Amino acid sequence: MKKKAEWPRKLRSQEWYGGTSRDVIYHRGWLKNQGYPHDLFDGRPVIGILNTWSDMTPCNGHLRELAEKVKAGVWEAGGFPLEVPVFSASENTFRPTAMMYRNLAALAVEEAIRGQPMDGCVLMVGCDKTTPSLLMGAASVDLPSIVVTGGPMLNGYFRGERVGSGTHLWKFSEMVKAGQMTQAEFLEAEASMSRSSGTCNTMGTASTMASMAEALGMALSGNAAIPAVDSRRRVMAQLTGRRIVQMVKDDLKPSEILVKEAFENAIRTNAAIGGSTNAVIHLLAIAGRVGVDLTLDDWDRCGRDIPTIVNLMPSGEYLMEEFFYAGGLPVVLKRLGEAGLLHKDALTVSGETMWDEVKDVVNWNEDVILPAEKALTQSGGIVVLRGNLAPKGAVLKPSAASPHLLVHRGRAVVFEDIDDYKAKINDDTLDIDETCVMVMKNCGPKGYPGMAEVGNMGLPPKVLKKGITDMVRISDARMSGTAYGTVVLHTSPEAAVGGPLAVVRNGDMIEMDVPNRRLHLDISEEELARRLAAWKPSHDLPASGYAWLHQQHVQGADTGADLDFLKGCRGNAVGKDSH
């Protein structure tokens with residue numbers, strides 16, 4: 001257990017607010033124009049509430065209300081709360097993709113913390129990229145920090161059927177193409193998909209990353225699953241506000257929580273919940289910020305034999321609302337601990353160990369959180385495939401894949417990029433059938449740019465009309481956590497930098513053997529070498545702005561797609577005063 005720091009002591013914020021010098025009066029005097037009494041600057045913890053609220057981030061649209069509950073908790077615990085708006089990378093608004101801006105948001109958050117008088121931080125997150133970006137930024141500065149998420153939406157229902165946000169968007173879209181649903185019915189279903197504040201109600205990336213924050217120990221126990229509109233979500237926010245004040249007093253920092261064992265707990269948790277493949281790229285990036293040596297091999301090693309026991313869409317039947325009522329993530333963590341698959345002594349933001357937090361919880365619904373013998377899949381961890389097509393690895397989510405396609409050999413049908421795919425996929429003359437392997441290039445971190453969620457390529461109508469709902473798909477793109485299918489993602493090196501994916505041709509045979517972790521392009525080594533030697537980039541590069549910076553410095557998906565000058569940059573929390 002961590003030894004608590006001496007209290008009282010001089011805090012970082014006193015560099016701005018403590019004393020009678022001209023510089024201090026400059027900082028303190030201006031803030032007083034908001035009506036703060038002088039005694040609030042007496043050395044008590046100043047808590048920055050980093051809020052990703054935005055009208056253009058619908059998942060986080062209720063975070064201003066939630067921030068008021070955090071403030072109440074901070075006041076109650078004797079702290080001084082100051083709300084700070086930070087970059088909000090909305091998954092459903094930003095173009096070309098929110099992933100392109102995750103690193104920019106992390107950089108902005110890092111500097112917002114470093115450059116301002118905060119002693120501790122509450123990270124208010126929800127939408128997919130907001131959780132990793134704030135964790136990355138906070139980890140880099142290493143001041144006491146804690147996560148509170150906005151929570152998932154309530155269940156959607158359409159004509160008596162449970163509707164999962166994202167998951168049913170893909171399903172209904174394919175049904176329209178197959179002639180099984182009219183466009184008018186699709187529009188009618190739209191109203192049922194997002195019927196309350198909050199993030200996706202499936203085990204998509206937002207719910208996955210909320211679960212990852214809790215499994216890492218960076219959020220209070222039970223935080224991940226509480227619905228956005230449930231009063232208990234507001235209680236959680238207020239308790240979080242209270243807790244961060246004590247964390248500052250104890251000097252409990254992210255670097256003491258985000259250790260290798262915490263990441264291993266999170267990887268195993270991701271397998272058990274059937275979490276998003278996006279967790280791979282985000283946890284690799286967060287680990288890089290704290291200097292933890294986490295690799296794709298750790299994902300395969302830790303997740304290989306973990307059963308998926310959470311019966312939620314897109315892998316299963318239920319939604320986040322039922323997951324919460326069943327007991328939420330603490331039940332999953334307890335199951336892992338009972339199976340010897342949890343580092344029980346991992347420290348959490350509560351100051352207690354992970355096991356102390358979850359050992360007494362109860363599973364209230366075994367249809368939602370399944371017994372291990374009834375798991376959706378007995379090996380639910382993210383699979384890492386390697387071979388001459390992916391020398392640095394590619395990932396696949398087995399709980400969302402079709403079992404009969406996990407060992408497959410098929411003819412490649414190649415799309416040079418997402419525009420080429422869109423131009424060809426609905427053409428009935430396209431030479432493709434269900435045995436083929438769909439291949440899409442130039443959608444990785446540098447290629448798109450930003451690595452968009454386009455990897456779950458919709459099937460061609462000519463195949464859908466035969467009743468086929470899945471095919472093997474391979475790309476260097478990402479996939480929404482709400483999506484499903486036998487989809488190989490994050491293929492590294494990516495096509496835009498001349499990886500082997502760049503030289504796949506129509507008609508090439510591709511072998512995928514998931515049990516043996518193999519992804520192979522059936523051409524000779526000599527032919528592959530000839531093609532790679534002749535390859536030339538086919539896309540124009542950004543000329544200026546953040547797009548240029550991103551393209552020049554973003555790393556590969558296999559290491560987290562962070563900017564190369566930001567990895568391992570933890571510390572240096574106090575800047576120089578220029579006044």
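Since this is a predicted model, take the numbers as computed values, not measurements. For the single chain, residues carry numbers from 1 onward in sequence order.
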Distance only, no hydrogens: is a donor on one side chain within 3.5 Å (strictly under) of an acceptor on the other, for [X] and [Y]?
| X | Y | answer |
| --- | --- | --- |
| S88 | W53 | no |
| E453 | N278 | yes |
| T208 | S276 | no |
| E321 | Y325 | yes |
| T377 | S399 | no |
| R233 | H62 | no |
| H408 | E511 | no |
| D470 | T486 | yes |
| N223 | T149 | yes |

Once rounded to the nearest 0.5 Å, what's the spacing between atom [atom1] of [X] and atom [atom2] of [Y]?
| X | Y | atom1 | atom2 | answer |
| --- | --- | --- | --- | --- |
| E434 | L464 | CD | CG | 10.5 Å |
| M471 | L405 | CE | CG | 9.0 Å |
| E261 | D345 | CD | CG | 7.5 Å |
| L284 | H490 | CG | NE2 | 10.0 Å |
| S90 | N60 | OG | CG | 8.0 Å |
| I286 | L216 | CD1 | CG | 6.5 Å |

With a cut-off of 6.0 Å (strictly less than), are more than 12 heavy atoms of other residues, nucleotides or ligands near [atom1] of [X]?
| X | atom1 | answer |
| --- | --- | --- |
| K260 | NZ | yes |
| M56 | CE | no |
| R95 | CZ | no |
| E190 | CD | no |

Among D297, D305, D298, the one residue meeting salt bridge (charged side-chain N to carboxylate O under 4.0 Å, His left out) with R301: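 Per the salt bridge (charged side-chain N to carboxylate O under 4.0 Å, His left out) rule, the option paired with R301 is D298, out of D297, D305, D298.
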Identify whether the distance between the nearest side-chain nitrogen and carboxylate oxygen of [X] and [Y] falls below 4.0 Å.
| X | Y | result |
| --- | --- | --- |
| K441 | E494 | no |
| E188 | R159 | yes |
| R289 | D562 | yes |
| K359 | E352 | no |

Worked verdict on R162 versus E322 for salt bridge (Lys or Arg N to Asp or Glu O under 4.0 Å): CA-CA 11 Å; R162 217 180 250 103; E322 285 99 351; 2.8 Å; yes
Matching residue for I474 among V488, V414, V487 - test: side chain to side chain contact (heavy atoms under 4.5 Å, CB included): V488
Passing option when F415 is tested against I418, D417, V413 for side chain to side chain contact (heavy atoms under 4.5 Å, CB included):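 Result for side chain to side chain contact (heavy atoms under 4.5 Å, CB included) with F415: V413.
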Please report the shortest heavy-atom distance between [X] and [Y], naming the atom on each side.
| X | Y | value |
| --- | --- | --- |
| I306 | C302 | CG1-O, 3.4 Å |
| V147 | L135 | CG2-CD2, 3.7 Å |
| A219 | I146 | CA-CG1, 4.5 Å |
| C443 | V454 | SG-CG2, 3.9 Å |
| M136 | A106 | CB-CB, 3.8 Å |
| G481 | T205 | N-OG1, 3.3 Å |

Working for side-chain contact (heavy atoms from CB on, under 4.5 Å), residues L370 and L376: CA-CA 8 Å; L370 303 164; L376 297 179; 4.0 Å; yes
CA sep, side-chain torsions, deciding dist, call: T348, I257, side-chain contact (heavy atoms from CB on, under 4.5 Å): CA-CA 6 Å; T348 76; I257 297 169; 5.7 Å; no
Do [X] and [Y] come within less than 4.5 Å of each other through their side chains, counting heavy atoms only?
| X | Y | result |
| --- | --- | --- |
| R411 | M509 | yes |
| R234 | E65 | yes |
| E264 | H343 | yes |
| V504 | L521 | yes |
| E185 | M175 | no |
| M99 | R478 | yes |
| E357 | P330 | no |
| V383 | W299 | no |

Stepwise side-chain contact (heavy atoms from CB on, under 4.5 Å) test for M512 and L396: CA-CA 11 Å; M512 183 178 73; L396 178 142; 4.1 Å; yes
Stepwise side-chain contact (heavy atoms from CB on, under 4.5 Å) test for L296 and V395: CA-CA 9 Å; L296 283 179; V395 302; 4.2 Å; yes
Parallel, tilted or perpendicular: rings of Y101 and F94 (30°, 60°): tilted
